[in-house]
2 protein chains.
Amino acid sequence: MMKRAVKRPKKPPYKVQVLDRAINILEFIGKQSSGEAGLPELSAAMKLHKTTTHRIAHVLESRGLLRRGLDSNRYRLGLHLYDLGCQALDHVNIRDEARPLMTRVAFDVGETVHLALLDRAEVLYIERIEAQRSLTMGSKLGARNPVYCTALGKAMLAYLPENEVDQILAASRMEARTRNTITNVLALKRELERIRDREFAIDDEEIEDGVRCIAAPILNANNRAVAALSVSGPSSRITPDRFQLIGKTMLKTAQELSTRIGRQAPVVPVKRKR
Amino acid sequence: MMKRAVKRPKKPPYKVQVLDRAINILEFIGKQSSGEAGLPELSAAMKLHKTTTHRIAHVLESRGLLRRGLDSNRYRLGLHLYDLGCQALDHVNIRDEARPLMTRVAFDVGETVHLALLDRAEVLYIERIEAQRSLTMGSKLGARNPVYCTALGKAMLAYLPENEVDQILAASRMEARTRNTITNVLALKRELERIRDREFAIDDEEIEDGVRCIAAPILNANNRAVAALSVSGPSSRITPDRFQLIGKTMLKTAQELSTRIGRQAPVVPVKRKR
DNA sequence: CTGCACGTACCACTATACGGTACATAAATA
DNA sequence: TATTTATGTACCGTATAGTGGTACGTGCAG
């Protein structure tokens with residue numbers, strides 16, 4: 001039974017002025033390259049009366065979301081934000097985050113969707129959502145497959161540092177499972193290059209005849225692959241002319257998941273001054 | 001109607017109801033071992049009408065401080081908190097934090113105060129505050145000293161994992177600088193034990209005759225030394241009967257600095273469920 | 001079906017946050 | 001030194017912004 005996403009009505013002007021202002025203040029200070037801002041600066045930027053700004057900042061400070069040095073009274077972000085942030089991360093679980101997204105993809109594409117991690121030189125399946133129509137593919141959770149001949153594996157390899165890739169490949173036998181299997185390191189590295197180009201990976205009957213698979217990597221804040229999502233199905237249904245479209249879907253879904261996992265939205269690279 | 005004519009000198013009557021409530025909500029959710037809370041749960045805990053709670057939570061969600069899964073309506077902490085928390089940490093600079101505290105110690109104890117890091121097998125001085133009366137001790141910023149014969153070095157060693165300590169000591173020559181210098185690894189390890197006991201370190205003319213020094217470590221969230229603070233002066237003024245008192249001062253100051261650097265206040269260990 | 005629990009929308013009332021003025025400091029002139 | 005200019009803090013009347021009633025929709029369990 002497919003579980004549809006919870007219906008969420010349009011949002012009416014649900015607004016809480018002070019709250020918005022307070023959050024604006026936090027964000028403003030966070031954006032400053034110096035990491036701090038004085039009261040006049042703040043009230044100017046917020047376009048608020050200095051009394052108002054002062055009151056809000058004062059409360060934020062008393063609660064540890066802002067702080068001031070002993071000798072300066074410029075405001076900076078408080079470390080309580082860090083505590084809260086860590087607590088936020090603590091409860092992010094990739095499987096729970098992935099499930100609803102996977103369900104959507106399974107529905108849209110009409111094929112089985114997998115979530116996998118990289119463990120040593122192997123792909124480890126940790127979640128699966130079946131499309132209704134799919135004639136249950138044999139894979140079980142906890143199952144493993146080699147990296148070099150799966151879309152999941154290749155997608156993750158493409159977003160790992162070179163030396164780790166070498167290490168993993170060194171530990172792989174790279175035997176031909178089908179006549180499409182890539183069996184030498186150089187060819188695989190070219191393939192990884194192509195994957196980085198289009199941002200998703202394809203397994204074109206490389207591990208098993210008659211089965212195709214399309215995958216995209218889940219990245220962390222450092223652009224490093226931590227997992228991957230895939231759809232797989234019989235070659236009769238996953239035809240080459242659908243590669244591009246399905247690939248785009250996987251890419252978008254994987255990106256969505258990446259941000260849910262903690263990868264912050266693409267921002268201008270913040271260099272620390274001095 | 002009886003109205004009190006007295007203007008109450010309400011010290012900080014600075015209050016912003018919504019803000020406080022919002023922060024309470026964030027903290028409450030953070031405290032939950034499950035990391036999430038539903039609307040009814042929340043309003044009960046906050047003792048607020050569900051409408052009120054809903055409105056606040058809604059705004060927090062729209063700003064990324066809270067989030068809800070696609071299939072669940074329970075609120076969790078949003079990852080935007082993590083972004084902000086990291087920005088907070090980014091601008092914590094140990095030297096800036098330390099300076100005011102060091103000044104106070106220099107005044108109270110009346111001796112020169114140093115802040116140092118551990119770099120490889122050496123102590124690296126990164127800040128110094130002189131007491132007025134002090135006849136300027138020769139140390140310069142950027143100077144280095146061995147770990148094994150300084151209070152700073154020993155204080156930091158005492159709060160590093162054993163294997164790192166071994167590594168550092170292996171790289172040290174441990175030659176006798178004075179007749180008090182500890183010159184063998186075993187004796188030094190016993191000394192580290194004693195330091196952990198009393199929580200501060202003493203250099204009793206171990207690097208230079210006529211100079212004594214008392215230091216305490218700055219710890220990060222993992223209880224690992226990242227720096228140390230010390231006072232040092234002529235043995236004629238830093239007499240053994242002052243060790244305990246000065247040590248307590250250094251300990252308290254170092255702890256204060258540790259929390260300012262990001263070591264969260266001692267809390268009940270939060271174990272993740274499931 | 002009926003009842004219950006929960007999330008959301010609407011709205012009148014008044015407590016609440018706003019932003020004036022005013023004073024108390026500190027820093028920057030002269 | 002005195003005099004100004006910025007900045008932080010306190011007080012307070014007023015209107016607006018937030019509150020918490022009621023009400024409706026939806027999904028779930030009996």
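Here is how names work: the chains are called A, B, and so on, in the same order as the sequence lines, proteins then strands, and each is numbered from 1. Because the structure is a prediction, the values reported are computed rather than measured.
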Return no unless some side-chain N or O of B/H49 is found under 4.0 Å from OP1 or OP2 of D/dT19. no
D/dT9 OP1/OP2 closer than 4.0 Å to side-chain N/O of A/H58: no
So, under a plain 3.5 Å distance rule, would you say the side chain of B/K50 forms a donor-acceptor pair with the base of C/dG7? yes
Think A/H54 has a side-chain N or O under 4.0 angstrom from the OP1 or OP2 of D/dG8? no
Does the distance from a Lys or Arg side-chain N to an Asp or Glu carboxylate O, for B/K252 and B/E256, drop under 4.0 Å? no
State whether a side-chain donor-acceptor pair under 3.5 Å links A/N93 with A/R99. no
D/dT9 phosphate, OP1 or OP2, under 4.0 Å from A/R68 side-chain N/O: yes
With heavy atoms under 4.0 Å as the rule, sort B/R21 into base, sugar-phosphate or nothing. sugar-phosphate
Nearest to the side chain of B/R55 - D/dG8, D/dT19, C/dT21? D/dT19
Give the nucleotide from the list D/dC11, C/dA9, D/dT19 with an atom nearest to the side chain of A/T51. D/dC11
Counting just side-chain N and O atoms, does A/Q17 come under 4.0 Å of either OP1 or OP2 of C/dC18? yes
Is the shortest distance from a Lys or Arg side-chain nitrogen in B/R144 or B/D119 to a carboxylate oxygen in the other one below 4.0 Å? yes
Under 4.0 Å between a side-chain N or O of A/Y14 and OP1 or OP2 of C/dA9? yes
Ion pair check, B/R76 and A/E97, cut-off under 4.0 Å: yes
So, is B/T52 near the phosphate of D/dG20, with a side-chain N or O under 4.0 Å from OP1 or OP2? yes
Nearest to the side chain of B/L39 - D/dG20, C/dG7, D/dG8? C/dG7
